[in-house]
Amino acid sequence: MPMSKQGQDPKLWGGRFSSAMAAVVQTFNDSFAFDQRLAASDIAGCLAYASALQGAGLLDHAECEAISSGLEQIGSEFSAGSFAPLPSDEDIHTAIERRLHELAGSVAGKLHTGRSRNDQVATALRHYLMQVTNELTARLRSFQAVLVNRAESHLGIVMPGYTHLQRAQPILFSHWLMSFFWKFNRDIDRLAGAKMRASVCPLGAGALAGNPFDIDREHMAAQLGFAHAAENSLDAVEDRDFVVDFLYAGALLQTHLSSLAETLILWSSEAYVFIRLDEAYCTGSSLMPQKRNPDMLELIRGKSGRVLGHLTGMMTTLKGLPSGYNKDLQEDKEGLFDVIDTLLAEIPIAEAIVGSMMPNAAHMSSACCASMMATDLADYLVLKGIPFRDAHHIVGAAVQQAEQTGVSMDKLPLSALKQIHSAFDEDAASVFDVQTSIERRQAKGGTGRRAVLCQLQEADSILTQASEDKSHHG
Ligand code: ARG
């Protein structure tokens, strides 16, 4: 390790410097405070690199052993929370190397042979992100199971479906619940895509030009659980597309959570009274004793600002970079980690809220007004041979008349309907039944009970498949 200059911190890269870094700059430059979470991934990378060096004849067996057992001890120190950082630890990589010197002695100085922090940090970040996508996927799967469960047990509840926040057509409450199952299913797909893109190993790319020694990069990649080694050493050290891919997947997942939160906030309000949130997820007001506020849902909605912002932030950091590693890339971490922490925290809370809320079936059903069956009345005319466009127009006139005379559509007398069009008959009244309207929609993906049961069956088999895959691949 280079000797300290003027009694200041020894830097791993300090050889060509004759004076120490300014203290204010050191704080600005250091990343240990936030990149220490990469410890386990960096140690895994160091272990793989040590054995690759041994394979290339640059470390003998005893040296590799000494380095590996030192690294393992550092790993246990991090997991036990007993790793003692020094103010001179610039980032997680230098901290681990410094500690390795203390534990293993001068052989530690051989580990960085042919390696750069540039390939090292990119490897650690990708490795870490791959584990995170597994964790997020597991949490989303658990949330999906709750949605399926609730959908299965509430098949009898009808409610208004909305477009433009206007009552549109009646649907099953279960159909609404399941609409989020599919959004989260796409989120899981996107996370898998981000994981696949992260699964390329930069280790052995060096600072930019590649590794001069006979190391087996594909072997290291496989050992670390990557699909393969990066093809181009320059691209390997500068590529952060995988971070953007993840942030995009995260931003869209956040958008789904936020829109779920917004819907539940509305539906739990006095204006709707469709659901009652469990008290455990509400807060009171310090002033108004009657309040029961949906703060957790508001926080989920509110966190959209930071999560979506980090996607823009990362792309902005990347857009002006000249070729090669640039220190700007250290800015890839805090936003990413914030997105990860935010999502990991939100999903179980959203799951618990959905799992514990109580639907108010009576309110939902009475909110289904007759005009929501106007389309069914048009369909009725279609079945009597009238082209849909004309039927739409005819029913429009009926809607207008109901509005003008101040009656609900189903209370328009048959004589009035007949005056609008002679095709209306006694049986026209039968379309104004919510259940009938719902049960007419049995084509795949519709809200009819049978169609929803098919949907639930499909969802069940997705979840079963996912848990089988998980138990096979760990
Ligand atoms: N802490 C740095 C980062 O996060 C590690 C790489 C530093 N490399 C360098 N050439 N300065 O990107």
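Each ligand, and each atom within it, is numbered from 1 in the order the structure gives.
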What atoms of ligand 1 come within less than 4.0 Å of a heavy atom belonging to S31? 1 (N)
For ligand 1, which atoms have a heavy atom of K333 less than 4.0 angstrom away? 3 (C), 4 (O), 12 (O)
Please step through salt bridge (charged side-chain N to carboxylate O under 4.0 Å, His left out) for the pair D89 and R98, ending with a clear verdict. CA-CA 8 Å; D89 291 338; R98 185 266 305 160; 2.7 Å; yes
Rounded to the nearest 0.5 Å, how far apart are OG of S268 and CG of D278? 12.0 Å
Residue and atom name of the nearest protein heavy atom (relative to [atom]), distance in Å to one decimal:
atom: atom 5 (C) of ligand 1; answer: D91 OD2, 3.5 Å
atom: atom 1 (N) of ligand 1; answer: Q330 OE1, 2.7 Å
atom: atom 10 (N) of ligand 1; answer: N118 OD1, 3.0 Å
atom: atom 6 (C) of ligand 1; answer: Y325 OH, 3.4 Å

I'd like to know whether the aromatic ring centres of F143 and F184 sit less than 6.0 Å apart in this structure. yes
As a quick check of understanding, evaluate side-chain hydrogen bond (donor to acceptor under 3.5 Å, both in side chains) for Q120 and R117, giving each step before the final call. CA-CA 5 Å; Q120 194 179 351; R117 275 184 298 158; over 6 Å; no
If you look at every heavy atom in M372 and G161, which pair is closest and at what distance? CE-N, 4.2 Å
Tell me whether H93 has any N or O atom under 3.5 angstrom from an N or O of ligand 1. no
Does R240 reach ligand 1 with a nitrogen or oxygen that is under 3.5 Å from one of the ligand's nitrogen or oxygen atoms? no
On the 0 to 90° scale, with breaks at 30° and 60°, tag the F274-Y162 ring pair as parallel, tilted or perpendicular. tilted
Considering the options L103, V107, L47, L53, which one meets the side-chain contact (heavy atoms from CB on, under 4.5 Å) requirement together with I67? V107
Could you establish whether E90 and ligand 1 come within less than 4.0 Å of each other, counting only heavy atoms on the residue side? no
